[in-house]
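Source: prediction; values computed, not measured. By convention in this document, chain letters (A, B, ...) are assigned in the order of the sequence lines, proteins followed by strands, and residues within each chain are numbered from 1.
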Amino acid sequence: MTPVRTRFAPSPTGYLHIGGARTALYCWLYAHKTQGKFILRIEDTDMERSTQESIQAILDAMDWLGLGYEEGPFYQTKRFARYAEVIEQLLHEGKAYRCYCSKERLEQLRIEQMAKKEKPRYDGHCRNATIVQTGTYVVRFNNPTQGIVEFDDLIRGRLVFANTELDDLIIARSDGTPTYNFCVVVDDWDMQITHVIRGDDHINNTPRQINILRALGANLPCYAHLPMILGSDGKRLSKRHGAVSVMQYRDEGYLPEALLNYLARLGWSHGDQEIFSLDELIQLFEIHDINRSAAAFNPEKLLWVNQHYLKTSDPEYIANILAWHMRQLGVDIRQGPSLTEIVLAQRERVKTLQEMAERSSYFYQDIEYTSEMGVHFTAELKPVLAKLYNKLEDLLDWTKESIHQAVASVAEESGLKLGKLAQPVRIAATGGTVSPPLDVTLFLLGRERTLNRLHRAIR
RNA sequence: GCUCCCUUCGUCUAGUGGUUAGGACAUCGCCCUCUCACGGCGGUAACACGGGUUCGACCCCCGUAGGGAGCGCCA
């Protein structure tokens, strides 16, 4: 059996988005599962829209996701000589021809066909031309005019198309550059791709590509067409739905393993299992188990998956990434508790690392005192806070246990329920009403910061 | 308009002719509790519709409706 070779072939006209990432993941998984090769190919034949920044953005995103490739990245713009060679061959063999039709004629044709409620397609005008024409021309592929093209899609089953539905597509533009459908075919052929896994927006391109592959005498790869990913409103995914760029998820504090896990599960499943390590995915992934229908992207569930990984991953690993987010926020973490401790204290109460960073800044930098905070420190409470201040100041050991003991005993001595004391202290210590358990919070804050802030509240 | 694809709780999905239609997220309630969470327990909630086939259809077939994609000298 020939070794499996899959490829991910984005066009560099923007960042890597969620849908592309999932396609890449599935290609990657299948290659790894079968001990095959995963190839990255940049489809940059559209010189107008392709940019170097986009290429870099895609590479960066693949890197962040950890989707490494065994071969590539290959660039189509570097393979023009090869395409020209194949086009020449096709022309020579009469499997392609020069078409001198003007864009105006083509446009007119399209309008007429639409008016007749027909599917617009090239009428083969130059295919049958007997006289020698001159001027600018494009090269069209001689598509079969009858019969059918059929293939077994690994996800949808047998798909059948009538050749009469297809037309003689352009494979080389008037400036000589090759077009997408042609490059894909030559590349997949040259790179010996065995499994073409791509979005189902390519289903309609497949019969055309198969016809070219046949004209070239190439073996056909297996095809698997993935359903689309929809926005949370069921409409097509777009900027309106918030983050669609993979790197934006990094910026917002998601872990790559969480995004990957969520994406894997969006459109694919293995029974009722929700959480998969990468190794498990490699082991359990089957193209056959991919769903046929489009799936809506659900940000809430991604959040849940992300928190799951926040809670279960190695705290030091998480702390490393948290450091990056702290830096993004401009928080200097040199003075304060270790980030690993912060992770341990916060991971059960936040869903993203960005949120964790935002909610942990008071451990490292001064808090703002607002008048709203003041109302919590009533005249009756201030003596109690003072008592706590003294107790904490006299504590022999600054531990969670001793701190808890101090707070509890002061509350009891003052006839207050723990909450009645804890909450004002929390506000005094953190500037807000939400934090990890008070003993943990004060412990991490350290004696000096705690006493300073308590003092400020009593004043 | 034409061609192709899709259709199970709000969302992601399990299901492959006989199930009280299962799980997860979200949501609601209760418990835990110094806040927020986490966790535990429980609840609401789905087979788009209409015909067949069959003793029996979520499951098979055919329509209808709805959604999506393609029909470029874009990819």
Side-chain angles (χ1 to χ4, degrees), chain A residues 9-13 43-46 48-50 76 99 101 103 106-107 110 113-121 136-140 153 155-156 159-162 164-167 169-181 183-184 199-208 225 227-228 230 232 234-236 262 265-275 289 291-305 307 311 346-351 359 404 407-408 411 416-427 430 432-439 441:
Chain A
S11 60
T13 53
E43 309 218 322
D44 54 355
T45 52
D46 183 355
E48 300 272 302
R49 300 195 303 151
S50 298
Q76 292 188 321
C99 168
C101 293
K103 288 185 181 179
L106 262 21
E107 185 54 32
R110 203 181 333 258
Q113 288 167 328
M114 292 288 267
K116 281 191 281 184
K117 303 188 183 216
E118 283 171 11
K119 181 175 179 172
R121 36 157 118 60
T136 57
Y137 62 88
V138 298
V139 178
R140 287 184 185 272
D153 190 277
I155 295 173
R156 321 205 176 230
L159 262 24
V160 183
F161 296 82
T164 49
E165 290 300 327
L166 277 24
D167 64 358
L169 72 155
I170 292 172
I171 57 178
R173 304 182 180 96
S174 48
D175 65 0
T177 59
T179 60
Y180 167 76
N181 276 110
C183 296
V184 167
D200 69 4
D201 46 335
H202 289 291
I203 285 182
N204 290 293
N205 286 327
T206 308
R208 299 172 188 285
H225 287 99
M228 308 248 88
L230 274 25
S232 42
K235 298 258 170 55
R236 200 178 175 170
Y262 176 73
R265 198 59 191 56
L266 193 62
W268 171 86
S269 63
H270 182 72
D272 285 338
Q273 191 170 342
E274 298 285 351
I275 300 298
D289 291 327
N291 222 62
R292 276 192 290 274
S293 52
F297 187 83
N298 185 336
E300 281 79 33
K301 188 153 183 179
L302 205 213
L303 242 15
W304 174 79
V305 175
Q307 188 184 32
K311 286 188 299 187
Q346 296 281 44
R347 63 183 183 178
E348 284 179 349
R349 57 202 88 237
V350 299
K351 302 213 184 275
R359 292 225 221 153
H404 179 79
V407 177
L416 290 175
K417 293 188 77 171
L418 188 55
K420 292 290 177 195
L421 175 59
Q423 201 55 1
V425 173
R426 169 171 283 114
I427 291 166
T430 70
T433 57
V434 175
S435 86
L438 193 61
D439 49 359
T441 302

For rU33(B) and K417(A) - does any side-chain N or O of the residue sit under 4.0 Å from the phosphate oxygens OP1/OP2? no
For S435(A), which contact category applies under a 4.0 Å heavy-atom criterion: base, sugar-phosphate, or nothing? base
Answer with base, sugar-phosphate or nothing: what part of the nucleic acid does F161(A) contact at a heavy-atom distance below 4.0 Å? sugar-phosphate
Using a 4.0 Å heavy-atom cut-off across all strands, classify K103(A) as base, sugar-phosphate, or nothing. base
Would the base of rG23(B) count as contacting E274(A) through its side chain, where contact means a donor and an acceptor less than 3.5 Å apart? yes
Tell me which nucleotide, if any, is Watson-Crick or G-U wobble paired with rC55(B) when both distances must be under 3.5 Å. rG18(B)
Side chains of K301(A) and E274(A): closer than 4.5 Å at any heavy-atom pair? yes
Phosphate-side-chain proximity, N205(A) and rA69(B), N/O vs OP1/OP2 below 4.0 Å: no
Could you check whether T45(A) gets within reach of a base, just the sugar-phosphate, or nothing at all, counting any heavy atom under 4.0 Å? sugar-phosphate
Any S269(A) side-chain N or O less than 4.0 Å from OP1/OP2 of rA14(B): yes
Of Q307(A) and A295(A), whose closest RNA chain B nucleotide lies nearer the 5' terminus? A295(A)
When you compare rC58(B) with rU64(B), how far apart are their P atoms, in angstrom units rounded to a whole number? 22 Å
Which residue, T179(A) or R156(A), contacts RNA chain B at a nucleotide closer to its 5' end, judged by nearest heavy atom? R156(A)
Which part of the nucleic acid does E43(A) contact within heavy-atom distance under 4.0 Å: base, sugar-phosphate only, or nothing? sugar-phosphate
Using the P atom as the reference point in each nucleotide, state the distance between rG23(B) and rG40(B) in Å, no decimals. 15 Å
Using a 4.0 Å heavy-atom cut-off across all strands, classify K117(A) as base, sugar-phosphate, or nothing. sugar-phosphate
Across the strands shown, which category fits D44(A) at heavy-atom distances under 4.0 angstrom: base, sugar-phosphate, nothing? nothing
Can a donor-acceptor pair under 3.5 Å be found between the side-chain atoms of D272(A) and the base atoms of rG22(B)? yes
Base, sugar-phosphate, or nothing: which does P436(A) touch, judged by heavy atoms less than 4.0 Å apart? base
Need one value for L418(A): base, sugar-phosphate or nothing, where a base atom within 4.0 Å counts as base even if backbone is also close, heavy atoms only. base
Need one value for I203(A): base, sugar-phosphate or nothing, where a base atom within 4.0 Å counts as base even if backbone is also close, heavy atoms only. sugar-phosphate
For S174(A), which contact category applies under a 4.0 Å heavy-atom criterion: base, sugar-phosphate, or nothing? base
Using atom P in both nucleotides, what's the gap between rG42(B) and rG22(B) to the nearest angstrom? 14 Å
Between rG51(B) and rA14(B) - C1' atom distance, rounded Å: 28 Å
rC71(B) pairs with, by Watson-Crick or G-U criteria that keep both distances under 3.5 Å: rG1(B)
Which is true for R110(A) with a 4.0 Å heavy-atom rule: it touches a base, it touches only sugar-phosphate, or it touches nothing? sugar-phosphate
Pick the C1' atom in rC31(B) and in rG67(B), then give their distance to the nearest Å. 43 Å
For rC28(B) versus rG66(B), give the span between their C1' atoms, rounded off to a whole number of Å. 31 Å
Indicate, yes or no, whether a donor-acceptor pair under 3.5 Å links the base of rC6(B) to the side chain of R292(A). no
